[in-house]
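No experiment lies behind these values; they were computed from the predicted model shown.
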Amino acid sequence: MNKLIFATNNRHKVDEVRSVLQNSFQILSLEEAGILIDIEEPHDTLQANASEKSRTIHQLTGKNCFSEDTGLEVDALQGEPGVKSARYAAGENEFADNTEKLLFKLKNINNRKARFRTVISMILDDQEYLFEGICTGQIAHEKSGTKGFGYDPVFIPDGSQVSFAEMSLEEKNRFSHRKKAMQQLIDFLNEKYGKN
Ligand code: IMP
């Protein structure tokens with residue numbers, strides 16, 4: 001089976017991606033590929049960070065790989081935290097601290113509109129391909145649910161009454177930005193290699 005290295009150390013993302021990319025490609029996380037590095041995200045766009053990660057892994061291994069960068073863009077905060085979503089609050093407990101900071105900044109603000117945006121950079125046979133997925137929704141007034149990761153407990157996608165953290169992986173995939181970007185990648189691979 002063809003192998004694709006997914007340039008991430010986030011096991012939630014690996015689970016999500018594996019749940020949508022079946023059959024034709026075997027996904028290896030960085031750890032599973034024996035690459036024990038943490039790649040920086042120094043740029044001010046999701047696309048540049050995604051490219052940085054996939055190019056770094058491609059230079060190291062020469063193998064086919066992809067990476068993704070995701071940001072939560074909140075209307076009332078002029079698109080913040082956006083590309084800085086991972087390090088929004090500089091606390092030790094990344095997911096909980098970021099979410100608390102977001103809720104605090106939106107206190108007394110009625111406009112709760114937000115969107116998750118994922119950009120994937122894939123390097124296949126030495127060529128880069130980009131894919132994007134967007135999920136629009138609302139930031140809740142308080143956290144609910146214990147599943148998922150990151151901002152999931154406060155994000156309610158359009159078309160749902162509950163947060164991502166209250167959904168199973170399969171339910172989250174019905175709405176998710178990452179799933180949408182992955183679907184484009186899958187369609188591309190199916191087109192290129194034929195569906196099996
Ligand atoms: P990165 O793509 O790993 O840089 O993620 C940016 C930030 O957004 C991290 O704090 C993640 O926890 C958060 N994040 C990324 N994807 C999701 C998601 O699907 N749900 C909730 N939070 C996410």
Would you say K3 and K63 make side-chain contact, with heavy atoms under 4.5 Å?
no
Give me each pair satisfying ring-ring contact (aromatic ring centres under 6.0 Å, His included) with a member in residues 44-64, each pair once, sequence neighbours excluded.
none
Between L4 and Q26, is a side-chain contact (heavy atoms from CB on, under 4.5 Å) present by the stated rule, with each step listed?
CA-CA 6 Å; L4 258 183; Q26 182 189 358; over 6 Å; no
Between T45 and V83, the two heavy atoms sitting closest are C-CG2, 3.7 Å
Taking C-beta and beyond as the side chain, do Q183 and K179 meet within less than 4.5 Å on heavy atoms?
yes
Have E128 and S51 got a donor and an acceptor in their side chains that come within less than 3.5 Å?
yes
Can you tell me which residue pairs pass the ring-ring contact (aromatic ring centres under 6.0 Å, His included) test with a partner in residues 84-113, sequence neighbours excluded?
F95-F149
Using side chain to side chain contact (heavy atoms under 4.5 Å, CB included) as the criterion, list what pairs up with V14, not counting sequence neighbours.
F6, T8, R18, S29
Counting C-beta onward and ignoring hydrogens, is there a side-chain heavy-atom pair between E73 and R117 closer than 4.5 Å?
yes
Tell me whether the count of non-hydrogen atoms from other residues, nucleotides or ligands lying under 6.0 Å of CZ in R11 goes above 12.
no
Heavy-atom check, side chain of I57 versus side chain of I39, under 4.5 Å:
yes
Sub-4.5 Å side-chain heavy-atom contact between I139 and L102
yes
What one should report as the nearest heavy-atom pair of C65 and S54 is SG-O, 3.4 Å
Determine whether H43 and E52 make a side-chain contact, defined as any pair of heavy atoms from C-beta on separated by less than 4.5 Å.
yes
Main-chain N/O of L30 paired to N9 side chain as donor or acceptor, under 3.5 Å
no
K172/D152 salt bridge by N-O under 4.0 Å criterion
yes
Do E132 and K180 meet the salt-bridge criterion of a basic N to acidic O distance under 4.0 Å?
no
If hydrophobic clusters are built from ILVMFWY residues whose side chains come within less than 4.5 Å, do I134 and V119 share one?
no
Do M167 and I156 belong to the same hydrophobic cluster, where Ile, Leu, Val, Met, Phe, Trp and Tyr are linked whenever their side-chain heavy atoms lie under 4.5 Å apart, directly or via other members?
no
State which residues pass side-chain hydrogen bond (donor to acceptor under 3.5 Å, both in side chains) with R112; sequence neighbours excluded, sorted by chain then number.
none
Under the ring pair (Phe, Tyr, Trp, His ring centres under 6.0 Å) test, which residues partner F131, sequence neighbours left out?
F188
Nearest-0.5 Å distance, CD of residue E94 to OG1 of residue T99
9.5 Å
At what distance, to the nearest 0.5 angstrom, does OG1 of T136 lie from CG of D75?
10.0 Å
In Å, rounded to the nearest 0.5 Å, how long is the span from CG of L72 to CZ of F116?
4.5 Å
Applying the 4.5 Å side-chain criterion to the ILVMFWY set and letting contacts propagate, would I120 and L46 be lumped into a single cluster?
no
Using 30° and 60° as the class boundaries, would you call the ring planes of H177 and F164 parallel, tilted or perpendicular?
tilted
With heavy-atom distances below 4.5 Å as the criterion, would you say the side chains of N64 and I5 are in contact?
no
Flag yes if L169 and F175 sit in one hydrophobic cluster, no otherwise; membership is Ile, Leu, Val, Met, Phe, Trp, Tyr, and two members link when side-chain heavy atoms are under 4.5 Å apart.
no
Hydrophobic cluster membership, L130 vs M182, 4.5 Å side-chain cutoff:
no
Is there a donor-acceptor pair under 3.5 Å between the side chain of K53 and the backbone N or O of E68?
yes
Please check if the number of heavy atoms outside E31 that lie under 6.0 Å from its CD is greater than 12.
no
Within this structure, what is the CG-NZ distance for the pair N108 and K105, rounded to the nearest 0.5 Å?
14.5 Å
Straight-line distance of T56 OG1 to I123 CD1, nearest 0.5 Å
8.5 Å
Whether D97 side chain and A90 backbone form a donor-acceptor pair below 3.5 Å
no
Establish, from distance only, whether the side-chain atoms of S121 and S67 form a donor-acceptor pair under 3.5 Å.
no
Is N110 atom CG crowded by more than 12 heavy atoms from other residues, nucleotides or ligands, each under 6.0 Å away?
no
Intermediate values then yes/no, side-chain contact (heavy atoms from CB on, under 4.5 Å), S85 and N98:
CA-CA 8 Å; S85 293; N98 284 342; over 6 Å; no
S144: partners by side chain to side chain contact (heavy atoms under 4.5 Å, CB included), with sequence neighbours left out
S163, E166
Are the side chain of E171 and the backbone of S168 linked by a donor-acceptor contact shorter than 3.5 Å?
yes
Going through the checks in order, is the side-chain contact (heavy atoms from CB on, under 4.5 Å) test met by D69 and T118?
CA-CA 6 Å; D69 200 22; T118 292; over 6 Å; no
Show, in sequence, the C-alpha distance, side-chain angles and deciding distance for I35 and T61, and conclude whether the side-chain contact (heavy atoms from CB on, under 4.5 Å) test is met.
CA-CA 9 Å; I35 305 163; T61 65; 3.6 Å; yes
Going from CG on L185 to CZ on F66, what distance comes out if it is rounded to the nearest 0.5 angstrom?
6.5 Å
Do the non-hydrogen side-chain atoms of R115 and F155 ever get within less than 4.5 Å of each other?
no
